[in-house]
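Since the structure comes first, as structure tokens, the remarks are kept for the end.
Values below: all heavy atoms of this structure, side chains included; hydrogens, waters and symmetry mates excluded. Model, not experiment: these values are computed from the prediction. A, B, ... follow the sequence lines: proteins, then strands. Residue 1 opens every chain.
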There are 2 protein chains.
Amino acid sequence: MAGGSVSPTPLLKDELDIVIPTIRNLDFLEMWRPFFQPYHLIIVQDGDPSKTIKVPEGFDYELYNRNDINRILGPKASCISFKDSACRCFGYMVSKKKYIYTIDDDCFVAKDPTGKDINALEQHIKNLLSPSTPFFFNTLYDPYRNGADFVRGYPFSLREGAPTAVSHGLWLNIPDYDAPTQLVKPLERNTRYVDAVLTIPKGTLFPMCGMNLAFNRELIGPAMYFGLMGDGQPIGRYDDMWAGWCTKVICDHLGLGVKTGLPYIYHSKASNPFVNLKKEYKGIFWQEECIPFFQNASLPKDCTSVQKCYLELAKQVKEKLGKVDDYFVKLADAMVTWIEAWDELNSSPSAAIPNGNAK
Amino acid sequence: MAGGSVSPTPLLKDELDIVIPTIRNLDFLEMWRPFFQPYHLIIVQDGDPSKTIKVPEGFDYELYNRNDINRILGPKASCISFKDSACRCFGYMVSKKKYIYTIDDDCFVAKDPTGKDINALEQHIKNLLSPSTPFFFNTLYDPYRNGADFVRGYPFSLREGAPTAVSHGLWLNIPDYDAPTQLVKPLERNTRYVDAVLTIPKGTLFPMCGMNLAFNRELIGPAMYFGLMGDGQPIGRYDDMWAGWCTKVICDHLGLGVKTGLPYIYHSKASNPFVNLKKEYKGIFWQEECIPFFQNASLPKDCTSVQKCYLELAKQVKEKLGKVDDYFVKLADAMVTWIEAWDELNSSPSAAIPNGNAK
């Protein structure tokens with residue numbers, strides 16, 4: 001578990017897909033070639049399906065555009081957003097692997113304080129393969145890391161930890177700020193490399209960003225729905241937040257762990273704050289209702305699978321957030337559709353061969 | 001709030017006491033002179049009161065030995081431990097300042113990754129003077145720090161934060177491990193400098209170490225009781241843990257924040273793991289009962305002061321942990337005595353002038 005070095009055999013080579021939502025040529029992959037080339041990519045093309053997305057030579061990938069999504073899901077395609085990076089969750093659904101890593105196409109390889117390129121994927125895999133500690137806080141951060149352990153006063157009964165479902169990575173350079181903060185601090189850059197991975201405690205929500213995110217699809221996949229955003233919707237840029245709230249509540253219920261911290265990627269490009277403000281402004285109001293809703297959400301004991309938890313959450317969303325705005329009624333319905341589509345594509349190995357444009 | 005530089009006028013010079021429990025000459029203060037000399041020290045001498053503790057020239061201090069404690073508190077002195085660093089909490093009680101910093105005499109000045117001496121006290125003061133964020137997790141750590149902020153998805157209604165009651169600092173070199181971990185990993189040293197301060201979320205307990213700790217005495221002082229440890233008690237090395245559990249439950253109830261992370265001190269000397277095992281072994285069992293007790297403890301709404309909260313906790317300790325061992329009945333009584341003594345010494349400015357051996 002020593003940090004940093006590129007393993008001769010890439011970890012989980014045949015058990016992990018990299019999901020990339022995009023509207024442009026994937027030149028950014030050149031920089032990631034040493035780390036990503038051994039893995040299979042699932043590219044979800046957003047926007048105009050007639051446009052050709054160029055992928056650098058030598059990468060193994062399948063690509064889905066809107067026509068593919070409509071063909072594969074039929075009427076259930078309504079749950080997949082269009083003209084918003086929320087479309088990426090279609091890639092989670094069609095993957096047949098145990099692990100997913102998803103990254104934005106404006107995220108480059110970051111350097112650690114010694115100047116070495118950070119293999120973000122390798123760190124995510126380490127995070128996912130080692131347990132989490134959601135039930136008690138360890139002051140020296142991840143106790144499973146080399147050179148660290150549980151500190152005095154940490155209950156021995158909790159030192160086995162919990163299975164890790166999610167690994168949330170961070171960003172150097174452009175921080176993931178909302179539009180108002182972008183507007184107020186246009187020049188702020190994140191230059192602080194915090195050398196830590198930590199578990200977000202049980203009962204605590206966090207703002208999950210989809211830019212640099214990995215998860216165990218078997219443990220939590222069906223909760224990673226990125227909602228209804230973008231084209232035809234009153235809101236954008238809350239896709240990953242929505243997934244994060246739902247995921248955390250379900251992880252807490254099922255005794256699974258969520259980690260945040262390392263690895264960093266280098267976020268190259270700030271999105272336009274004026275455009276973002278338009279996408280976000282309803283979300284800025286609604287999150288004041290959504291977060292208390294999720295903080296107080298409780299799932300009954302018979303919710304023993306992610307699907308059951310998610311459908312129960314959808315019901316509660318409709319009942320409680322439906323009063324805030326009709327959008328949440330529509331979203332709750334889409335949550336149900338998402339689970340139906342997930343189960344259809346994932347029910348048996350032969351049930352569905354999505355048949356994107358594989359290379 | 002820029003990090004690191006020594007302010008021309010030391011922060012909170014007349015509002016902070018440094019509390020040091022010791023059994024030996026305080027040569028370690030030489031190293032801290034640039035940072036500590038402007039402040040007043042409260043030295044709590046443990047063990048043989050006839051022994052003279054030498055304090056380096058130029059420090060402003062008062063010193064209390066066991067005879068002083070007995071004289072000042074009379075029969076209530078029974079709540080102050082003897083032959084254990086838990087005695088330090090007497091210093092919290094006799095202080096007249098708003099802030100306390102407490103440090104062990106085997107803690108030296110650490111260096112940051114650039115090789116610069118870390119002014120631990122200055123960082124603690126910054127932690128205490130800026131708000132905490134206990135209600136929602138910020139993935140870029142302390143949002144009030146220069147170069148950081150709240151990330152996208154952080155509710156705006158929570159961005160004022162909560163008043164900070166406790167700042168828990170960490171340790172380079174010898175990590176704060178329990179005896180079993182010390183025995184298993186005698187050579188492990190903490191060399192990882194994690195450049196972060198974060199709030200421990202509401203509802204989450206943590207192992208609070210008393211080695212490098214600061215707090216706001218007005219906000220949380222009466223909860224900082226370090227329990228019955230050492231001489232005549234069946235347990236040691238759980239003094240700070242006990243205080244940490246009680247403090248965190250009360251901070252959560254009163255809406256106060258607890259931070260952990262920076263600053264680091266350099267912990268020079270590992271205590272003897274065999275001796276520690278003897279002190280700890282009952283605690284290792286008992287913490288398995290204590291932690292669920294504190295995780296589930298709930299304080300009624302009319303507990304609006306730290307004292308009321310603490311007395312209520314004492315009652316619950318007696319009722320529930322008293323069944324685990326008679327020790328907790330004795331401890332619960334001592335908790336009540338502690339509050340009585342605290343109130344006696346702190347009720348009015350002229351109520352008590354402790355009269356230690358001031359210099």
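Residue contact with chain B, scored on non-hydrogen atoms closer than 4.5 Å, is absent for A/Leu158. Heavy atoms closer than 4.5 Å to chain B are found in the side chain of A/Thr204, but not in its backbone. In this structure, the portions of A/Ser157 lying under 4.5 Å from any heavy atom of chain B include both its backbone and its side chain. For A/Lys202, the part lying under 4.5 angstrom from a heavy atom of chain B is the backbone only. With a 4.5 Å cut-off on non-hydrogen atoms, A/Pro113 does not touch chain B at all. A/Leu205 touches chain B through backbone and side chain together, each having a heavy atom under 4.5 Å away.
The greatest number of non-hydrogen atom pairs below 4.5 Å with chain A, out of B/Ala196, B/Gly203, B/Pro180, B/Ala148, is found for B/Ala148. The most heavy-atom pairs under 4.5 Å with chain A, out of B/Gly261, B/Ala179, B/Gly153, come from B/Gly153. The most heavy-atom pairs under 4.5 Å with chain A, out of B/Tyr154, B/Tyr177, B/Phe135, come from B/Tyr177. Between chain B and the options A/Phe150, A/Tyr238, A/Tyr193, heavy-atom pairs under 4.5 Å are most frequent for A/Phe150.
Using a 4.5 Å cut-off on side-chain heavy atoms (C-beta onward), B/Leu140 and A/Pro175 make contact. At least one side-chain heavy atom of A/Tyr141 sits under 4.5 Å from a side-chain heavy atom of B/Val194. Between B/Phe137 and A/Thr260 there is a side-chain heavy-atom pair separated by less than 4.5 Å. A/Cys209 has its side chain out of reach of B/Thr139: every pair of non-hydrogen atoms, C-beta onward, lies at least 4.5 Å apart. Between B/Asp195 and A/Asp195 there is no side-chain heavy-atom pair separated by less than 4.5 Å. Residues A/Thr181 and B/Arg159 form a side-chain contact, since some pair of their non-hydrogen atoms from C-beta on lies under 4.5 Å apart. Taking 4.5 Å as the limit, some side-chain heavy atom of B/Phe136 sits within range of a side-chain heavy atom of A/Pro207.
Checked for salt-bridge contact, A/Arg189 and B/Asp149 miss the test: no charged N lies under 4.0 Å from a carboxylate O.
Considering CZ of A/Arg192 and CG of B/Asn146, their distance stands at 8.0 Å, rounded to 0.5 Å. Summarising the geometry, atom CZ belonging to B/Arg152 is positioned 10.0 Å from atom CE belonging to A/Met208; distances are rounded to the nearest 0.5 Å. Annotation: the span from A/Phe156 atom CZ to B/Asp178 atom CG amounts to 3.5 Å, rounded to 0.5 Å.
Contacts of residues 290-297 of chain A with chain B at a heavy-atom distance below 4.5 Å involve A/Ile291, A/Gln295, listed in sequence order. Using non-hydrogen atoms only and a strict 4.5 Å limit, the part of residues 266-283 of chain A facing chain B consists of A/Glu280.
A/Lys185 places no side-chain N or O within donor-acceptor distance of the main-chain N or O of B/Gly147, the cut-off being under 3.5 Å.
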